[in-house]
Structure formats: structure tokens, C-alpha cells
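Accompanying notes for the structure given below.
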Amino acid sequence: MSKSSTAGDQPAIEAHGLVKVFGQNRALDGIDLTVRRGQVFGFLGPNGAGKTTTIRVLATLTRFDSGVARVLGHDVISERDAIRARVAVTGQFAALDEDLTGYENLIILGRLHGLSRAAGKQRADDLLAAFDLTHAGGRPVGGYSGGMRRRLDIAAGLIVTPDLLFLDEPTTGLDPRSRNQVWELVRRIAAAGTTVLLTTQYLEEADQLAEQIAVIDQGRIVAEGTSAQLKSRVGSGTLHVRLLDGEQRAQAQQVLAGALEGTVHPAADPLALSMLLATPADATDVGRLVGHALTRLAEAQVGIAEVALGQPSLDEAFLALTGHPAGPATTDQEDVNR
Amino acid sequence: MSTPAAVTGPAAAGTDRIGLLLAGSPARRRAGALAASATFGRRAMLKIKHDPKQLVDSVAIPILITVLFTYLFGGAISGSPGEYLEVLLPGTLSMSIAIVTMYGGARLAKDVTTGAFDRFRSLPTWRGALVFGGLLSDAARYLFASAIVVVLGLVMGYRPDGGAGGVLAAVALVVAFGLSLSLLWAAVALLVPDPAVVISIANVVLMPLSFASNIFVQPSTMPGWLQAFVEVNPLSHVATAARGLMNDAGGTGASVVWALVATAAITAVCAPLALHLYSRRG
Ligand SMILES: Nc1ncnc2c1ncn2[C@@H]1O[C@H](COP(=O)(O)OP(=O)(O)OP(=O)(O)O)[C@@H](O)[C@H]1O
Ligand SMILES: [Mg+2]
């Protein structure tokens with residue numbers, strides 16, 4: 001395949017004004033996006049924001065209603081095959097044949113990538129080994145755990161090393177250990193030179209993996225920047241405090257509001273309070289501020305059972321970035337109180 | 001304030017296996033249309049291997065139709081089993097295969113809604129490979145179902161005058177017609193990717209084709225409008241042609257031609273339609 005039209009300095013993804021309408025629903029409502037080559041780009045948004053739809057449009061799987069998009073220098077409408085040859089998609093829901101074994105899944109995909117029988121077998125073995133799945137390779141995928149399935153699904157995207165990898169919510173539904181494994185895989189893939197666009201509902205995940213983050217809500221990009229830039233807009237974190245005595249909650253709320261900049265929310269738990277911290281203008285040490293606040297609570301004789309400092313949840317981030325809560329019905333409150 | 005999680009698990013192991021793997025990628029090559037179709041055919045066969053229940057329709061339907069209708073209608077036709085099987089067996093063969101075809105459409109409809117389909121579609125392979133690869137495994141199923149009908153017939157006392165050659169020719173004709181129906185259901189499945197809907201639509205088409213035909217009843221006993229339908233019903237022609245070939249009856253050249261024309265016509269419409277619908281999906 002000719003590489004003439006894909007000069008290395010072009011962005012991996014360049015999209016302007018993407019619109020996709022499902023009936024009355026504007027799933028994408030004018031998306032502009034530029035992803036540099038070699039970057040891990042995070043696409044952060046709640047359920048129904050349009051993350052999957054964006055990936056499907058860019059991966060040439062869905063037609064769209066207006067806008068232009070070039071992927072690896074190729075137009076997504078007129079040069080589909082050129083894009084498909086160099087891009088891999090690992091969808092939100094495992095794209096595997098449940099009744100075939102892991103090995104057979106990879107063999108079939110190897111043949112579809114034009115590998116010879118021998119090369120396909122070799123690659124399948126190598127992929128299974130590198131993803132720690134050799135022991136499970138002979139078993140039907142239907143019996144895999146969520147983490148194994150995810151790993152195989154990502155492996156299936158690497159039969160031929162792609163120049164661009166789309167990962168749609170690669171860790172949703174995984175336990176913390178499997179999630180860390182997937183994170184490390186993503187880092188290694190990126191380190192090897194593949195551009196990665198990953199979607200997530202977790203600010204922490206975008207923070208951990210992505211150099212550049214776009215926040216999407218209701219089909220629009222509502223904020224974009226590096227993790228540090230976004231965090232400075234969102235606030236530096238959330239302080240969670242659990243009291244020994246629920247009677248003291250009003251008092252504690254007053255003390256905290258006086259000691260720190262930000263708003264204090266009583267939590268559902270009658271003993272708990274949480275506070276989204278504003279970022280201090282001069283990048284002062286957050287710990288010092290929090291320590292100060294805790295001292296003030298102690299001075300006021302407020303008994304504290306537990307203190308935790310966590311990332312702002314996606315809800316809080318949305319509220320801060322957009323002034324309104326995240327899109328329709330965000331149900332999964334991330335537990336930041338680990 | 002983020003707490004970078006301790007890294008454990010596969011990728012953390014000493015050497016960077018992932019990096020090596022990505023650096024050592026096989027060359028990109030576009031799979032040929034034939035190789036890709038054969039791969040999808042192989043995939044279908046592997047699915048049968050892992051889940052032989054999938055063959056239930058291809059086994060049960062031919063047995064049911066052949067045994068049931070032979071004894072149901074055999075009595076109405078004079079003569080010994082060997083004699084009425086001459087009339088009925090090529091008919092139950094045609095009808096069995098026609099009915100079995102709809103399950104291929106249902107399987108495709110199910111396939112289309114899985115994530116695996118998206119991954120296949122995101123590859124730069126020939127867009128027809130999934131549908132046409134499916135036909136390869138369908139053909140194997142139809143041959144298998146045909147063998148069941150023929151063996152059952154032999155057991156019940158049928159002795160085809162056309163011999164092995166005649167039977168094989170009839171089976172080939174019936175299977176070819178079945179494959180054209182497969183393409184029709186493939187188009188339906190790509191239009192409405194819901195197995196239950198595909199089965200319903202196929203039933204609505206196949207019921208009149210099966211019963212308003214000359215398979216079980218002499219058209220001369222039917223009212224005129226029904227006779228007119230029977231005469232244009234492609235399944236009637238397929239059954240007549242199969243009868244002629246299996247019994248070496250002669251005078252069935254016209255039916256063979258009509259059966260082939262019907263097969264070619266359905267294919268000519270449905271193959272491009274299925275391809276179009278395949279690339280339009282999503
Ligand atoms: N095939 C479809 N038909 C109709 N509406 C659709 C279709 N696909 C997506 N939508 C709608 O488009 C909007 C965006 O959906 P999309 O799947 O892109 O969101 P998402 O950000 O991936 O959400 P999630 O986090 O739940 O995966 C939603 O309102 C969804 O209901
Ligand atoms: Mg999604």
C-alpha cells in the first residue's frame with residue numbers, strides 16, 4: 001500500500017464539525033478534534049456523551065451527517081480501506097467470538113489480516129504469551145474472566161501493529177488489578193509508537209494515561225487540555241471527611257467552609273462531608289491547606305473518624321467545567337474513597 | 001494527589017514483551033477475497049465444532065419432513081413405498097433444504113449484532129467475505145442435510161432409477177437453489193439484524209413455496225389461481241427437476257432450466273443487495 005499521502009508530520013486524527021444524528025438525537029453535535037501522532041489522547045465523558053459514536057465515525061464504521069475527518073492523513077469517507085489497513089479498534093464490548101478459543105480468535109483474525117498460516121500461528125502464540133493468556137488460549141472465550149477478555153480483545157487489535165489504536169472504555173467493569181494491567185498495556189503500546197485514542201468515564205484513568213484530554217458531553221467537546229490544565233479548572237481534588245458524631249456535621253461544614261476555598265457538600269452518609277477544593281492560585285501545597293483545615297476542625301473539638309483526599313469524580317469535574325451536572329443520568333459515582 | 005497504582009501483571013514482567021511484539025509486527029498485507037471468505041467459512045465450521053447443537057436444524061428438519069410427509073401423503077398415492085417415494089422424496093429433499101436455509105440467515109443476523117462483526121468490518125478485507133464465507137459453511141450443511149434425506153429414502157425402500165449420478169445431480173441442483181435462498185435471507189438479515197424477524201419473514205415466504213407447490217399434491221386437484229401460482233413457484237420446478245434427475249424420468253429438461261434460471265435470478269438480485277446492505281450497516 002502506498003504511504004505517499006501519509007507524511008509523518010500530519011496529525012493522527014483531524015476532525016472538524018462532526019455531526020451524527022440518530023433520529024432526533026444529535027449524538028455528535030459538532031466535534032472538533034486533533035490528535036498528534038504518538039500521543040495518548042483521552043476522551044472523557046459520561047454515558048451517552050458520544051464517545052463510542054466518535055470512535056465509530058473515525059474508525060470508518062459509521063457514516064456521519066456532516067463534517068470532515070482525516071485519520072492518518074486519509075479521508076474517512078473516500079479512503080476507508082487505507083485507514084482500515086492501519087487502524088485497530090477495540091470496542092466497548094468485547095469483539096470476540098465467544099464460542100471459539102482465544103487462540104482460534106487470533107488465528108482467524110491473522111488470516112483476515114493476510115498473514116500466512118505459519119505467520120498467523122506464530123503471531124497468535126506471541127500475542128497470547130505477551131498478554132499472559134497462553135494457559136487460556138485453548139479455552140473458549142465464553143469462559144474467560146472480564147480481565148482476560150479485555151486483554152485478548154486488545155491483543156486482537158495488535159495482530160499487525162496499528163499506527164492508531166482506538167480503545168473504547170478499556171477498563172469499564174474491570175477490578176482494580178485488571179484495570180492496572182490494562183493501563184500498563186496501554187502505556188507499553190504507546191511507548192512502542194502507536195497513537196492511542198482511549199475513551200473513559202474516569203477522570204483518574206484519563207489522568208493516568210493521557211497526555212491530552214478532551215471532555216465530551218452531549219455530543220460536544222466541553223473542555224480540552226492536558227490533565228494539569230483540566231485539573232486546575234476542576235479543582236485540585238475532593239476532601240472527604242467522616243465524623244465520629246453526626247450532630248457535629250453542621251459545625252464541621254462551617255469550619256471547613258471557613259478554612260478552605262470551595263463548597264462543602266453533606267454526603268448521603270449522615271456522618272460524612274465532601275468538599276471540592278479550588279486550586280490555589282499559586283500552586284500552594286494542597287496538603288498544607290488540608291492540614292490547616294484539619295487543625296481547625298480539631299481546635300473546634302470536632303471528632304474525625306476518617307479523612308481521604310481523592311480525585312474529583314467525573315460528576316464534580318463536569319459541574320466545574322460546564323456548570324451543569326454530567327449528561328443524562330450518570331449512575332456510576334466513582335468511589336474515590338478507596 | 002493521584003496515587004499511581006502499583007503495577008503488577010503481565011506487562012510488568014521484566015522485559016518489555018509488548019514493545020518487542022509491536023516492533024516485530026508481521027507485514028501488512030491485504031487478504032485476498034477468496035482467502036478471506038475461506039477464513040469465514042472456517043470460522044463457521046469451528047463454531048459448529050465447539051457447539052454441535054448448531055447442527056440440530058440441519059438434522060432434525062430433513063428427518064421430520066421426510067418421515068412425516070412420506071407417511072402422511074404416501075397413503076394418498078397408490079403403490080408401494082418404493083413407488084410413492086419416487087414422487088415424494090425429491091420433494092421432501094427440496095423442501096427440507098429450503099427450510100434449513102433460513103437458519104443461516106438467523107445466524108448471520110445474530111453475528112451482525114455482535115462486536116465481532118464490527119471488528120471484521122474494520123479490517124480492509126473484501127466486504128463480501130463474511131456473507132460468502134458463510135455460504136461455504138451453508139453449502140456443507142445443505143449437503144449434510146441432503147445426505148440425511150437420501151439415506152432415509154433408501155432405508156424406507158426408495159431405489160432411484162437415476163442412480164448415484166442422478167441423485168448427485170439432483171442434490172447439486174437443490175443445494176444451489178438453497179444457496180440462492182441463503183443470499184436472500186442474508187439480505188434480510190443485514191436489513192433487519194434480528195434472528196427472530198429473519199425466521200418469521202423466511203417462514204412467510206417458505207410456507208407458500210413449500211405447500212402451494214407440486215411437492216405433495218397434484219396441481220390438477222387445485223383451483224385455477226393456485227395452479228397458476230404452483231406453475232411459477234420456483235420450488236415446484238426445483239422439485240420437478242430433482243424428481244426427473246433422481247428417477248431418470250426424462251422430459252424434465254424444462255424444469256431443470258427453470259430451476260437454474262430461478263437460482264440465477266435470485267442470486268443476481270440478492271448477492272449485490274447483500275453486499276450493498278453489508279457495507280451500509282452501522
Ligand atoms: N445505533 C444507534 N441508534 C440510535 N441512537 C444511538 C445509536 N448509537 C448511539 N446512539 C445514541 O447516541 C448517543 C451517544 O451514544 P454513544 O454510544 O456514542 O455514547 P457513549 O459516550 O459511548 O456512552 P457510553 O459511555 O454509555 O458507552 C446516545 O444518546 C445514544 O443513545
Ligand atoms: Mg460507549
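Quick note: numbers below take in every heavy atom, side chains included, and nothing from hydrogens, waters or symmetry partners.
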With respect to chain A, which residue among B:Pro26, B:Ala38, B:Ala36, B:Gly24 yields the maximal number of heavy-atom pairs within a distance under 4.5 Å? B:Pro26
Could you look at A:Ser178 and say if it's the side chain, the backbone, both or neither that has a heavy atom under 4.5 Å from chain B? neither
Taking all heavy atoms of B:Ala27 and all of A:Val160, pick out the closest pair and write down the distance. O-CG2, 4.4 Å
Exam field: side chain A:Arg188 to backbone B:Ile18, donor-acceptor pair closer than 3.5 Å: no
Looking at chain A, which one of B:Asp51, B:Thr114, B:Leu21 has the largest number of heavy-atom pairs inside 4.5 Å, strictly under? B:Leu21
Can you name the one residue among A:Asn105, A:Asp99, A:Ile108 that meets side chain to side chain contact (heavy atoms under 4.5 Å, CB included) with B:Leu46? A:Ile108
Residues B:Leu22 and A:Ala192: closest non-hydrogen pair is CD1-CB, 3.6 Å
Please classify the contact of A:Arg123 with chain B as side chain, backbone, both or neither, using a heavy-atom distance under 4.5 Å. side chain
When A:Leu96, A:Thr194, A:Ile83 are compared by non-hydrogen pairs under 4.5 Å with chain B, the top option: A:Leu96
Heavy atoms only, distances under 4.5 angstrom: which of B:Arg43, B:Lys49, B:Arg42 has the most pairs with chain A? Name it, please. B:Arg43
Under 4.5 Å between any side-chain heavy atoms of B:His50 and A:Thr101, yes or no? yes
With a 4.5 Å cut-off on heavy-atom pairs, point out which of A:Gly193, A:Ala156, A:Ala59 contacts chain B the most. A:Ala156
Could you please spell out the steps behind the side-chain contact (heavy atoms from CB on, under 4.5 Å) verdict for A:His113 and B:Thr125? CA-CA 8 Å; A:His113 275 89; B:Thr125 46; over 6 Å; no
Main-chain N/O of B:Arg121 paired to A:Arg84 side chain as donor or acceptor, under 3.5 Å: yes
With a 4.5 angstrom heavy-atom cut-off, which part of A:Leu127 approaches chain B: side chain, backbone, both or neither? both
Specify the closest pair of heavy atoms between B:Arg119 and A:Val89, including all atoms of both residues, with the distance to one decimal. NH2-O, 3.3 Å
Contact between A:Leu61 and B:Ser122 at the side-chain level, heavy atoms closer than 4.5 Å - yes or no? yes
Crowded around B:Leu154 CG? As in, over 12 foreign heavy atoms under 6.0 Å? yes
Who among A:Gly114, A:Ala119, A:Pro162 has the most heavy-atom pairs with chain B under 4.5 Å? A:Gly114
Evaluate the salt bridge (Lys or Arg N to Asp or Glu O under 4.0 Å) criterion for residues B:Arg17 and A:Asp126: first the C-alpha distance (whole Å), next the side-chain angles of each, then the deciding distance (0.1 Å), finally the verdict. CA-CA 9 Å; B:Arg17 280 183 294 178; A:Asp126 292 350; over 6 Å; no
I need the minimum non-hydrogen distance between B:Ala116 and A:Asp97, along with the two atoms involved. CB-OD1, 3.9 Å
Select, from A:Leu109, A:Leu133, A:Ile159, A:Val87, the one with the greatest count of heavy-atom pairs under 4.5 Å involving chain B. A:Leu109
From B:Asp118 CG over to A:Thr52 OG1, what is the distance, rounded to the nearest 0.5 angstrom? 10.0 Å
Okay, A:Asp153 and chain B: the region with an atom under 4.5 Å from a heavy atom over there is both
Chain B shares the most heavy-atom pairs under 4.5 Å, among A:Leu115, A:Leu112, A:Val182, with A:Leu112
Apply the test salt bridge (Lys or Arg N to Asp or Glu O under 4.0 Å) to residues B:Lys47 and A:Glu98: give CA-CA distance (whole Å), side-chain angles for both, the deciding distance (0.1 Å), then the verdict. CA-CA 9 Å; B:Lys47 283 181 174 246; A:Glu98 301 263 310; over 6 Å; no
